[in-house]
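Written below as structure tokens is the structure these notes are about.
Bear in mind the structure is a predicted one, so any value in this text is a computation, not a measurement.
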2 protein chains.
Amino acid sequence: MGRPRTFDDDVVLSRAMEAFWTNGYGGTSPAQLAEATGIAKGSLYNAFASKRELFTKCLELYHRQVAELAKGLLEHPGTTRECIGAALRFVVDSDLAQPLRRGCLVGNTAVELAGHDADIAQKIRGMQDESTGWFEARIQRGQRDGDVSRDLDPRAYAEYLANTLAGLRVMAMTHEAPVLYRIIETTLSTF
Amino acid sequence: MGRPRTFDDDVVLSRAMEAFWTNGYGGTSPAQLAEATGIAKGSLYNAFASKRELFTKCLELYHRQVAELAKGLLEHPGTTRECIGAALRFVVDSDLAQPLRRGCLVGNTAVELAGHDADIAQKIRGMQDESTGWFEARIQRGQRDGDVSRDLDPRAYAEYLANTLAGLRVMAMTHEAPVLYRIIETTLSTF
DNA sequence: ACCTTTCTTGAACTACTGGTCTAAAACGTG
DNA sequence: CACGTTTTAGACCAGTAGTTCAAGAAAGGT
């Protein structure tokens with residue numbers, strides 16, 4: 001029944017995500033999206049209704065990818081401090097390894113759109129809360145394992161780490177590795 | 001000699017800054033700038049050459065205003081910890097008091113433009129370094145006053161605080177006061 | 001009073017925006 | 001192998017982007 005898609009939705013989504021990540025929502029035109037994905041504007045709108053909806057899907061894809069990575073990193077063997085340090089350093093390394101500094105799509109979107117768009121703001125908030133949750137879970141495990149003090153409030157400390165991470169990704173837009181590593185060291189020295 | 005300006009450059013700059021702060025560089029059109037400043041597009045281009053140059057001037061104005069405020073706050077009476085806490089809380093309170101969440105113009109610009117524009121990136125970097133300098137100076141004073149340990153590396157800790165601040169202003173786009181205050185508390189509890 | 005200079009303004013300009021539509025082509029199905 | 005459905009590439013649209021410009025207006029110098 002009907003002609004099938006000639007493109008893989010996930011591949012298109014992934015390429016569109018790269019474009020949005022590089023240029024922001026407002027900075028990415030339908031023409032650029034067509035160019036980046038390799039399919040025509042018409043097909044893009046047929047498949048994803050609007051630029052807004054395509055962006056939302058890209059944002060969700062980004063978050064899913066981050067989630068997978070983050071969980072992997074935090075479940076690695078090692079102490080809580082080692083794990084969290086490795087995770088933060090990994091993010092910084094990834095940011096710096098790219099030819100263009102792009103920051104974090106979630107953070108960038110918070111800055112670009114959250115103030116004007118309650119819907120997006122809520123989605124972003126949800127993603128940030130989830131990230132905080134990963135840190136929280138790792139800290140709680142640390143308390144069970146005995147390498148994190150029971151006096152530490154896991155939620156508060158997870159929020160603190162999420163904030164540090166948000167900061168790092170802004171700082172990575174303009175700073176080099178030594179400064180960023182030093183910030184991570186100082187952060188880790190606090191527990 | 002020649003017809004004099006009918007407008008005050010500083011007033012126009014300040015209004016343009018508000019517009020850029022609210023909508024970002026790319027999100028602010030010449031028409032909006034004309035509307036916001038109250039002078040015609042032509043006059044704007046006559047006085048400021050281009051949107052880019054106008055923006056640069058706005059960015060510098062913003063930084064100068066922040067500098068004045070920051071210095072005032074950090075020179076207040078009280079311990080280092082009290083001073084820095086008050087400064088961070090002040091920023092959060094200001095962010096949340098506004099009708100629209102706008103974050104920090106310097107941070108927002110880092111995210112929006114630093115990756116694509118080396119010139120802007122350098123300017124932003126300079127402003128961030130200056131902010132770090134204020135923290136550093138306050139910590140050094142604290143070490144002289146005796147309320148901060150001599151073991152603490154003032155530069156590293158200042159970078160750490162600048163990073164926390166950068167994070168807070170992104171987090172303030174989507175989070176409410178209690179979370180932000182808790183992050184500040186956790187940060188302050190580390191020295 | 002004129003000339004020069006600098007300012008102001010609104011219109012004009014080109015290129016491109018986000019988004020829609022259409023005609024043709026491509027398929028799975030019966 | 002024709003059917004109806006769906007995809008596709010590109011034309012198309014009104015609107016806006018950032019910028020320039022011609023024409024007039026307000027001042028000082030002569």
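Atom CZ of B:Arg3 and atom P of D:dA26 are 6 Å apart (whole Å). Distance, B:Glu35 CD to C:dG10 P: 13 Å, rounded to whole Å. Distance CG (B:Leu44) to P (D:dA17): 14 Å, rounded to an integer number of Å. The nearest whole Å value for the distance from the CG atom in A:Asn46 to the P atom in C:dC21 is 13 Å. Whole-Å rounding puts the B:Asp9 CG to C:dT8 C1' distance at 14 Å. The distance between atom CG of A:Asn23 and atom C1' of C:dT17, rounded to the nearest whole Å, is 15 Å. One atom, CG of A:Leu33, and another, P of D:dG10, lie 17 Å apart when rounded to the nearest Å. Atoms OH (B:Tyr45) and P (C:dA12) sit 19 Å apart, rounded to a whole Å.
Remark: the B:Lys41 side chain and the C:dG10 base include no donor-acceptor N/O pair separated by less than 3.5 Å.
Ion pairing between A:Glu185 and A:Arg89 holds under the 4.0 Å rule for side-chain N and carboxylate O. With salt bridges taken as basic N to acidic carboxylate O contacts below 4.0 Å, one links B:Asp95 and B:Arg169. Salt bridge annotation for B:Asp117-B:Arg52: present, with a cationic side-chain nitrogen under 4.0 angstrom from a carboxylate oxygen. Classification of A:Arg125 and B:Glu176 as a salt-bridged pair fails, no side-chain N sitting under 4.0 Å from a carboxylate O.
Residue-to-nucleotide proximity on DNA chain D shows that, of B:Ser50 and A:Gly42, the 5′-proximal contact is made by A:Gly42. Comparing A:Phe7 and B:Pro4 by the nucleotide of DNA chain D that holds the closest heavy atom to each, the one mapping nearer the 5' end is A:Phe7.
You'll find that the side chain of A:Ser43 is closest to D:dT8, out of D:dT20, D:dT8, C:dT17. The nucleotide whose nearest atom lies closest to any side-chain atom of B:Lys51 is, among C:dT9, D:dT8, D:dT19, D:dT19. With C:dT17, C:dT6, D:dA17 as the choices, the nucleotide that has an atom nearest any side-chain atom of A:Ala31 turns out to be C:dT17.
If you check the side chains of A:Arg138 and A:Thr80, you find a donor sitting under 3.5 Å from an acceptor.
At least one side-chain nitrogen or oxygen of B:Thr6 sits closer than 4.0 Å to the OP1 or OP2 atom of C:dT8.
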